[in-house]
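The block underneath contains the structure these notes are about, expressed in structure tokens.
As a basis for the values below, the full set of heavy atoms in this structure was taken, side chains included, without hydrogen atoms, waters or symmetry mates.
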Amino acid sequence: MKTVFHRSIFAFAAVALLAGTSVVNAQQQQDKNRALKKYESGTKEFWTHPPDDWFLGDETEAQKGLAPPSGPPTGASEAELANIVKKIKLPAGFKIEVWAPGVLAARQMAWGDKGTLFVGSFGLGNVYAIKDNGGKREVKTVLKGLNMPTGLTFKDGALYVIAVDKLIRYDNAEANLDNLGQGKVVYDDMPSYAAHGWKYIATDKDGWFFLPFGPPFNVGIPPTSVSQIRRVDPKTGNAEVWALGVRNSVGGDVDPRSGKYWFTENARDWVSDDLPSDKLNMISKIGEHFGYPYCHQGDLPDPKFAMGHKCSEFTPPVLNLGAHVAPLGMKFYTGDQFPAEYKNNILIAEHGSWNRHKYQGARIVRVIVGPDGKNPKQEVFASGWLEGDQGYLGRPNDIVLAKDGSILVADDWAGAIYRISYSKK
């Protein structure tokens, strides 16, 4: 009887397993059989109104119901920020503190020549200037009503702000914080949609800007003017296409050792909780193709858009950072305050997941790698902005080096700028 009972259990388990496998296979086949989407980009309407499903389309059954969370509209209070920094874990000798509260939706940061910190924003249309007045920092909104001014930089006394489809220069900015004026558009050969159109600016040794151009959807065959990295001369408006096959990059920096441009990339959504991985890339030569939409993470053909392409056709990432960690701003550490082994390491601000049932990211990682991009190693540098499965306390998104060798970190969820410093004990 015991043997018969066991055989019955095994038979039942086998049937259940086969049934479960059949359901999974049927779902996978259903997902695979969906028609390839074709977006008609030859009309003005496409650029002013991208497809309605650009962000939440293409989801599998397992991913349905996931959506980006919204942070507190007024940011975190000073009391809440004081509690947050107590929870941040750092290596021995490092300290984090609130450098400036009340910087709502803070994104890319850049220093002015006279010590003003300029900060872009996501969604609000604001650009901020933060000045230190006798030890007390004043956050001043110096520009309003711009279209997603997430990216900015400062060069030759001028503030440059990129507002989706316009690169605008504000001359003599630090002397005119009360009235920056309309500015001068120096480059506008860009689509006007906001969908993956927000940008980031990195400056090379020649004073040219690297600018990313994301496609207006999660995954699809991109129009020829997007899914690329361009190098733009802000003096003349001349531009070059430096890289293709890039999905959504909102962070990058120029390697002080080699002059090459490195950038973070957010991979496509709606495959699974654990696929594909977000990436750290390096452009070794002009015109490289980094795989999107045909191949993800260097070795994962897209289930619908590979269309016969092999991953070996494309430039692989220097490093896969993890699924849906959302790497944004990054900087090579060139200061002298941190321990010597940090010199020329990459610090990446990971904004954190939404397209995952259990979030990950919301931290700063350290990448140790040579200028050739070989043998990279990553480790967690700062964490604690994420509690439980989906509990954000903050979402780091950019890093800038301060003159004293400390770093500042922007957090658009808490609406704050942190300072991380090091001292020997």
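- When side chains are defined from C-beta on, Phe290 counts as touching Thr315, because their heavy atoms get closer than 4.5 Å.
- With values rounded to the nearest 0.5 angstrom, Phe213 atom CZ is found 5.5 Å from Leu211 atom CG.
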* Asked: Could you go step by step and tell me if Asp255 and Arg257 meet the salt bridge (charged side-chain N to carboxylate O under 4.0 Å, His left out) rule?
  -> CA-CA 5 Å; Asp255 190 333; Arg257 301 164 297 183; 2.9 Å; yes

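- Atom-to-atom distance recorded for Ile162:CD1 and Trp198:CH2 is 14.0 Å, nearest 0.5 angstrom.
- Looking at Gln360, its side chain never comes within 3.5 Å of a backbone N or O of His324 through a donor-acceptor pair.
- With Asp269 as the partner, the salt bridge (charged side-chain N to carboxylate O under 4.0 Å, His left out) test is satisfied by one option alone out of Arg247, Lys64, Arg356: Arg247.
- Remark: the backbone N or O of His357 is paired with a side-chain donor or acceptor of Gln390 at under 3.5 angstrom.
- The minimum heavy-atom distance linking Gly298 with Pro317 is given by the pair CA-CD, 3.7 Å.
- Between the OH atom in Tyr342 and the CZ atom in Arg366 there is a gap of 4.5 Å [rounded to 0.5 Å].
- Between Val369 and Trp262 there is a side-chain heavy-atom pair separated by less than 4.5 Å.
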Next item on the list: Kindly determine whether Lys377 and Asn375 satisfy side-chain contact (heavy atoms from CB on, under 4.5 Å), including the steps that lead there.
Entry: CA-CA 7 Å; Lys377 182 179 76 171; Asn375 303 313; over 6 Å; no

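- In this structure, Lys403 and Asp113 approach most closely via the heavy-atom pair NZ-O, 4.1 Å.
- Residues Val409 and Ile96 fail the side-chain proximity criterion, which asks for heavy atoms closer than 4.5 Å.
- Proximity of the aromatic rings of Tyr418 and Trp385 is defined here by a centroid distance below 6.0 angstrom, and this criterion is met.
- Between the CD1 atom of Ile221 and the OH atom of Tyr292 there is a distance of 8.5 Å, given to the nearest 0.5 Å.
- Between Tyr160 and Thr203 the shortest side-chain heavy-atom distance does not fall below 4.5 Å.
- Listed for the Asp398 side chain is no donor-acceptor partner under 3.5 Å among the backbone atoms of Ala410.
- Across Ala100 and Val139, no two heavy atoms sit closer than the pair CB-CG2, 4.4 Å.
- A donor-acceptor distance shorter than 3.5 angstrom exists from the side chain of Tyr128 to the backbone of Leu104, with no hydrogens or angles considered.
- Applying the 6.0 Å contact sphere to NZ of Lys131 captures more than 12 heavy atoms from other residues, nucleotides or ligands.
- Looking only at atom types and distance, the side chain of His309 has no donor-acceptor partner in the side chain of Asp302 under 3.5 Å away.
- With contacts defined as side-chain heavy-atom distances shorter than 4.5 Å, the pair Asp253/Ile346 does not qualify.
- Looking at Thr116 and Ile130, their side chains never come closer than 4.5 Å, going by heavy atoms from C-beta outward.
- Put simply, the side chain of Lys331 does not reach to within 4.5 Å of the side chain of Leu401, judged on heavy atoms.
- Residues Ser249 and Gly251 share a closest heavy-atom pair of OG-O, 3.4 Å.
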(request) Take Ile407 and Phe338 through the test side-chain contact (heavy atoms from CB on, under 4.5 Å) and record every step on the way to the result. (result) CA-CA 10 Å; Ile407 61 170; Phe338 289 10; 4.1 Å; yes

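- Applying the side-chain contact (heavy atoms from CB on, under 4.5 Å) test between Met330 and each of Val250, Ile399, Leu347, Leu280 identifies Leu280 as the sole match.
- The backbone N or O of Gly335 lies less than 3.5 Å from a partner atom in the side chain of Lys343, making a donor-acceptor pair.
- A salt bridge is defined here as a Lys NZ or Arg NE, NH1 or NH2 lying under 4.0 Å from an Asp or Glu carboxylate O, and Asp412 with Arg107 meets this definition.
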Q.
Working note: Phe263 + Phe210, criterion ring-ring contact (aromatic ring centres under 6.0 Å, His included); need CA distance, chi angles, decisive distance, verdict.
A. CA-CA 10 Å; Phe263 63 97; Phe210 285 103; 9.2 Å; no

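- Looking only at atom types and distance, the side chain of Asn238 has no donor-acceptor partner in the side chain of Glu240 under 3.5 Å away.
- Atom NZ of Lys358 has 12 or fewer heavy atoms from other residues, nucleotides or ligands within 6.0 Å.
- Residues Tyr294 and Phe314 place their aromatic rings such that the two centres sit under 6.0 Å apart.
- A donor-acceptor pair is defined here as one N or O able to donate and one able to accept, closer than 3.5 Å; no such pair exists between the side chain of Ser192 and the backbone of Asp165.
- Counting only distance, with no hydrogens or angles, the side chain of Lys199 and the backbone of Val164 share a donor-acceptor pair below 3.5 Å.
- Minimum interatomic distance between Ala349 and Ile364 (heavy atoms only, all atoms of both residues): CA-CG1, 4.5 Å.
- With respect to Phe381, the ring pair (Phe, Tyr, Trp, His ring centres under 6.0 Å) criterion is satisfied by exactly one of Tyr333, Tyr422, Phe94: Phe94.
- When all heavy atoms of Trp111 and Phe154 are compared, the closest pair comes out as O-CB, 3.3 Å.
- Arg395 places a side-chain N or O within donor-acceptor distance of the main-chain N or O of Gly352, the cut-off being under 3.5 Å.
- Cation-pi geometry between Arg231 and Trp208 is met: under 6.0 angstrom from the ring centre, within 45 degrees of the axis.
- In this structure, the separation between CG on Leu386 and CG on Asp389 is 8.5 Å, given to the nearest 0.5 Å.
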Do His296 and Leu275 pass the side-chain contact (heavy atoms from CB on, under 4.5 Å) test, and can you show the C-alpha distance, the side-chain angles, and the key distance before you say yes or no? CA-CA 9 Å; His296 312 289; Leu275 291 172; over 6 Å; no

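- A 4.5 Å side-chain heavy-atom check between Asp273 and Gln63 finds at least one atom pair inside the cut-off.
- Checking Arg230 against Tyr187 by side-chain atom types alone, a donor-acceptor pair falls below 3.5 Å.
- In terms of modelled atom types and a separation under 3.5 Å, the side chain of Lys89 and the main chain of Lys87 share no donor-acceptor contact.
- Aromatic ring centres of Trp242 and Tyr261: separated by at least 6.0 Å.
- No donor-acceptor pair under 3.5 Å is formed between the side chain of Asn281 and the backbone N or O of Val318.
- Note that OG of Ser70 and CH2 of Trp413 are 7.0 Å apart. Values are rounded to the nearest 0.5 Å.
- Side-chain contact check for Asp404 and Ser406: at least one donor-acceptor pair (N or O, by modelled atom type) lies under 3.5 Å.
- Of the N and O atoms on the side chains of Asn248 and Arg268, not one donor lies less than 3.5 Å from an acceptor on the other residue.
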